[in-house]
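Order of the sequence lines sets the chain letters (A, B, ...), proteins ahead of strands, with each chain counted from 1. All heavy atoms count here, side chains included; hydrogens, waters and symmetry mates do not.
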Number of protein chains: 2
Amino acid sequence: MEARKPFVSEEQCPIETVIHVVGGKWKPTILWHLMDSTMRFSALEKRIPDVTQKMLAQHLRELENQGIVTRTIHPSVPPKVEYSLSEYGRTLVPVLQSMCDWGRNHNRLGGDMSVRQMQS
Amino acid sequence: MEARKPFVSEEQCPIETVIHVVGGKWKPTILWHLMDSTMRFSALEKRIPDVTQKMLAQHLRELENQGIVTRTIHPSVPPKVEYSLSEYGRTLVPVLQSMCDWGRNHNRLGGDMSVRQMQS
DNA sequence: TAGGGAACTGACTTCAAAGTAAGTATGGGA
DNA sequence: TCCCATACTTACTTTGAAGTCAGTTCCCTA
């Protein structure tokens, strides 16, 4: 069940690796929230209103398997599970930051640049 | 307390913007080649062996519409079309570089990290 | 006139990622 | 006793990005 095909060995370019790691539909947002603080499953659910439990669990599991995110179980009455960036995951922070800066600027320039390119 | 209204089209987080721009299946590779030099359509085809003409054309068109790539037509006997990063596209280079560095390191650490995380 | 190379475009299919809905285990409180 | 909350899992359906393959235009050479 853990048998996954070797995605990395076939990549020609390491940029694809990053996209594979952060490129799920909800992963950027998950990482964005975990950059600031440790969060519970339910807290992430609230912060990311449109994500389903299934997708949240699945993406968190993938990030955990990739060593980006750490999962901590507190055995309490209602179960309490906390997610945080692992030390390795923190090495992604500058990358995410530079992506974020560019993205923010791109959005500021008009979001969909195709509007500006219509004239051609 | 989280601003969740779509401040940009549909993106909640600017990281998604970057992924939207570079995240097509072939876009990282296309950009990777264009970072070095201007290239013709056919040259890209040769450098990216598995891409189809349709997907190459489609992704190039998208990058052009987003203002990342410049398309130059030389009206010659067999048509000659050259693609290069636009000035705006060059602002992506540091971002791509940092993604690339991280990705390369991630691959070097064992490619599929899940092998190291199997203890769960 | 026939064929060729470059650079596409369009109709259709495919398949994995994402979504929907429901189910599970735990124990504490009403 | 039953219900509630948390943190999931499983089975099934839908969506959309990507792939296949064939067609098109342009002018040139043979």
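Under the side chain to side chain donor-acceptor pair (under 3.5 Å) criterion, B:R104 pairs with no residue at all, not counting sequence neighbours. In this view, A:R90 satisfies the side chain to side chain donor-acceptor pair (under 3.5 Å) rule with no residue, not counting sequence neighbours.
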Per-pair distances, 0.1 Å, donor-acceptor, side chain in residues 75-83 of chain A, under 3.5 Å, sequence neighbours excluded:
unit_1	atom_1	unit_2	atom_2	d
A:S76	OG	A:H74	O	3.4
A:S76	OG	A:P78	O	3.0
A:E82	OE1	A:H74	NE2	3.2
A:Y83	OH	A:R71	NE	3.2

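OP1 or OP2 of C:dA7 has at least one side-chain nitrogen or oxygen of B:S42 nearer than 4.0 Å. Residue A:R40 has no polar side-chain atom (N or O) positioned under 4.0 Å from OP1 or OP2 of D:dC8. Remark: A:H59 is not in phosphate contact with C:dA17, judged by side-chain N or O atoms under 4.0 Å from OP1 or OP2. OP1 or OP2 of D:dC8 lies within a sub-4.0 Å distance of a side-chain N or O belonging to A:Y83.
Within 4.0 Å of A:H74, counting heavy atoms only, lies no atom of the nucleic acid at all.
Rounded to an integer number of Å, the gap from NZ of A:K46 to P of D:dA5 is 11 Å.
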Base versus backbone protein contacts along nucleotides 25-30 of chain D [heavy-atom cut-off under 4.0 Å; B, S, -]: ---S--
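Rounded to 10°, the angle separating the first-five-pair axis and the last-five-pair axis of the helix from C:dT1-D:dA30 to C:dA30-D:dT1 equals 40°.
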Quick one: which protein N/O atoms are closer than 3.5 Å to N/O atoms of nucleotides 9-15 of chain C? Pair and distance per line, please.
unit_1	atom_1	unit_2	atom_2	d
C:dT9	OP1	B:R61	NH2	3.4
C:dT9	OP2	B:R61	NH2	3.3
C:dA11	N6	B:K54	NZ	3.4

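Ion pairing between B:E16 and A:K25 fails under the 4.0 Å rule for side-chain N and carboxylate O.
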